[in-house]
Amino acid sequence: MSRVVLGAAGEELVLRVKEATDGDVYVLPPGRLPADPARLFEQLVDGELPEVLLVGPQAASQEVFGLAARLDVQCPGITVVLVADPTPEIWQEAMRAGVRDLLPPTADAGAIRAAVERAGSAAAERRRVLRPVEETARYTGRVITVASPKGGVGKTTVASNLAIGLTETAPQSTVLVDLDVQFGDVASALGLVPEYVLPDVAHGPAAEDTMVLKTFLTQHPSGLYAVCGADSPAAGDTVTAADVTRLLTSLAREFRYVVVDTAPGLSEQTLAALDRATDVVMLSSMDVPGVRGLRKELDVLRELCMIPAGRHVVMNFADAKGGLSVRDVETAIGTGVDVVVPRSAAVPASTNQGVPIVAGSRRDPAAKELRRLVARFAATPIVRPGRYRAKHRAAS
């Protein structure tokens, strides 16, 4: 039986669903259904994503359709089933939003079981299409590619803080790869002096043997491993897309988390990293040029079918006085914003010192939002939105 999460349901429906699933169902706490998938996942105690989300009749239709539409894009491996009167109008709206099945409120346990089995099969098929089984079997780690259409948006800062945060939850099990082959500065951001750099790791004995590979990595005092950028643009250019594919495949066998910091735009190396990614963090500054660039990059990646199931949109350098709200950005890019990192004077200082802000400041609003990004990948306590974030959301 598929993993089922049930929300917006009364006690009587909960009992029928438990009977239909032999008790294997997680019931969401009472209250409004969250519109953002991330907020939904925060309510899951063990962090394991469901195959089927069953929504009861206590939720407003527009809430369900909004959530279903986002899940259909961001997490297509989750199938939404709605319990509602199956009128033609509801059916039409449900299909447009990505709801896969409707159940009448009077459905008995047998009908519920059949619907859950259909939904679970549909979810399994979509996951198989997204990532073929034979390819999935080759990977054990999670490859998180941080990408942006433009430079100067804090991509290395976000990637290094994400990697340090994940290291706190998985010591010795996280590696950060500097894939800005010409001008990578992960080493500077982390205060590292590497003995070996990207071309050394991508070529020679390290590329042939995973036991040798780990000896070519640079270790941070936190326990994070790093593949630091090349010493010169010419040396970096010797690293090809095939080298990137081979390297990330090897690292994913050895580490729980592989965080990849890429160059701006869509170079062959960045495309190779996206092709091997289980998750992509799409980053932009919160200004008109940055948002337009992000929209264009998302459009290109959609055409190439290169957006993985795990997609996370981050707005950096956000400023409530900048004239753009979160709602404006979401309208422009056609999808939700997951994390909003405010502009902070502490960030440049931490970068200059080579000490990621998540390792130092606990109260800084930027550090709190970066920890929220970390929490999307690791089973860590969720940091609730700070005053800035709440204010920025309210402004939308």
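This is a predicted model, so every value here is computed, not measured.
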### Query
Please, which pairs that meet side-chain hydrogen bond (donor to acceptor under 3.5 Å, both in side chains) have at least one residue in residues 178-189, sequence neighbours excluded?
T156-D185, Q182-D237
### Task
Not counting sequence neighbours, list each pair that qualifies as a ring pair (Phe, Tyr, Trp, His ring centres under 6.0 Å) and has a residue in residues 84-107.
none
### Summary
side chain to side chain contact (heavy atoms under 4.5 Å, CB included) filter on L304, not counting sequence neighbours, yields L271, V300, M306
### Task
Kindly give the heavy-atom pair with the smallest separation between P308 and A277, and that separation in Å.
CB-O, 3.6 Å
### Message
Tell me if a side-chain donor or acceptor on R276 pairs with a main-chain N or O of T249 at a distance below 3.5 Å.
### Response
no
### Distance-only polar pair, side chains of T331 and D328, donor-acceptor under 3.5 Å
no
### Query
Say you draw a straight line from OG1 of T245 to CD of E268; how long is it, rounded to the nearest 0.5 Å?
10.0 Å
### Neighbour count above 12 (heavy atom, 6.0 Å) for R292 CZ
no
### Query
Does one side chain, of T87 or D85, offer a donor that lies under 3.5 Å from an acceptor on the other?
no
### Message
Once ring pair (Phe, Tyr, Trp, His ring centres under 6.0 Å) is applied, what residue pairs with a partner in residues 144-196 remain, sequence neighbours excluded?
### Response
Y196-F216
### Message
Pairing donors with acceptors under 3.5 angstrom, does anything connect the side chains of T21 and D24?
### Response
no
### Query
Hey, is the main chain of A349 close enough, under 3.5 Å, to the side chain of N352 for a donor-acceptor pair?
no
### Query
For the hydrophobic clusters of this structure (ILVMFWY residues joined by side-chain heavy atoms under 4.5 Å, transitively), does one cluster hold both V55 and L102?
yes
#### Entry: Nearest non-hydrogen partners of I90 and F65, listed with the distance
O-CZ, 4.2 Å
### Message
With heavy-atom distances below 4.5 Å as the criterion, would you say the side chains of L301 and E297 are in contact?
### Response
yes
### Query
Is there side-chain contact between V175 and L224, with heavy atoms separated by less than 4.5 Å?
no
### Task
Determine whether V81 and V99 make a side-chain contact, defined as any pair of heavy atoms from C-beta on separated by less than 4.5 Å.
no
#### Entry: Side-chain heavy-atom pair P264, P149 within 4.5 angstrom cut-off
no
### Summary
With sequence neighbours left out, the residues meeting ring-ring contact (aromatic ring centres under 6.0 Å, His included) with H312 are F377
### Query
Is there a donor-acceptor pair closer than 3.5 Å between any side-chain N or O of D338 and the backbone N or O of V313?
yes
### Query
Are the side chain of N316 and the backbone of V153 linked by a donor-acceptor contact shorter than 3.5 Å?
yes
## Note on the structure
Residues R302 and I333: closest non-hydrogen pair is NH2-O, 3.9 Å
### Message
Closer than 3.5 angstrom, by distance alone: can the side chain of T145 be matched with the main-chain N or O of A273 as a donor-acceptor pair?
### Response
yes
### Query
Between the side chain of D243 and the main-chain N/O of T240, is any donor-acceptor distance below 3.5 Å?
yes
### Task
Kindly compute the distance separating CD (E51) from OG1 (T79), expressed to the nearest 0.5 Å.
9.0 Å
### Query
Would you say S285's side chain and F317's backbone share a donor-acceptor pair under 3.5 angstrom?
no
### Task
Say whether Y26 and V64 are linked into one hydrophobic cluster, either directly or through other cluster members, by side-chain heavy-atom distances under 4.5 angstrom.
yes
### Task
Quick one: do L67 and L53 satisfy side-chain contact (heavy atoms from CB on, under 4.5 Å)? Show the steps, please.
CA-CA 10 Å; L67 176 60; L53 173 62; 3.9 Å; yes
### Query
So, for L192 and A226, which heavy atoms are closest and what is the spacing to 0.1 Å?
CD1-CB, 4.0 Å
### Message
Checking L179 against T270 for the side-chain contact (heavy atoms from CB on, under 4.5 Å) test, could you report, in this order, the C-alpha distance in whole Å, the side-chain angles of both residues, the deciding distance, and whether it holds?
### Response
CA-CA 7 Å; L179 211 59; T270 297; 5.7 Å; no
#### Entry: Joint cluster assignment, V197 & V227, ILVMFWY side-chain distance < 4.5 Å
no
### Query
Do you know the tightest heavy-atom contact between D101 and A115?
OD2-CB, 3.9 Å
### Message
Test side-chain contact (heavy atoms from CB on, under 4.5 Å) on V280 and L274; report intermediate values, then the result.
### Response
CA-CA 7 Å; V280 60; L274 288 167; 3.5 Å; yes
### Task
Could you tell me whether a side-chain N or O of N161 sits under 3.5 Å from a main-chain N or O of V358, the two making a donor and an acceptor?
yes
### Summary
So OG of S148 and CE of M282: to nearest 0.5 Å the spacing works out to 7.5 Å
### In one Ile/Leu/Val/Met/Phe/Trp/Tyr side-chain cluster, 4.5 Å: L15, L28
no
### Taking every non-hydrogen atom, the tightest pair across P50 and V5
CB-CG2, 3.6 Å
### Task
Calculate, to the nearest 0.5 Å, the distance between atoms CG and NZ belonging to L266 and K296 respectively.
12.5 Å
### Query
Would a hydrophobic clustering, with Ile, Leu, Val, Met, Phe, Trp and Tyr connected at side-chain separations under 4.5 Å, put V337 with L294?
yes
### Message
side-chain contact (heavy atoms from CB on, under 4.5 Å), that's the test. Do L190 and T218 meet it? Break it down for me.
### Response
CA-CA 11 Å; L190 293 175; T218 304; over 6 Å; no
### Task
Measure the shortest side-chain to side-chain distance between S222 and E168 over non-hydrogen atoms and say whether it is less than 4.5 angstrom.
no
### Between S344 and D364, a side-chain donor and acceptor under 3.5 Å
yes
### Task
Report the distance from atom CZ of R363 to atom NZ of K368, rounding to the nearest 0.5 Å.
7.5 Å
### Query
Would R376 and D279 pass as an ion pair if we require N to O under 4.0 Å?
no
### Query
Which value, rounded to the nearest 0.5 Å, describes the distance between I112 atom CD1 and E117 atom CD?
12.5 Å
### Set of residues satisfying ring-ring contact (aromatic ring centres under 6.0 Å, His included) with respect to Y225, sequence neighbours excluded
F255
### Query
Can you check whether T262's main-chain N or O pairs, donor with acceptor, with K155's side chain at less than 3.5 Å?
yes
### Query
Taking C-beta and beyond as the side chain, do V181 and L198 meet within less than 4.5 Å on heavy atoms?
yes
### Task
Could you tell me whether the side chain of R113 reaches within less than 4.5 Å of the side chain of E19, counting heavy atoms only?
no
### Query
Is any side-chain heavy atom of V259 closer than 4.5 Å to a side-chain heavy atom of V177?
no
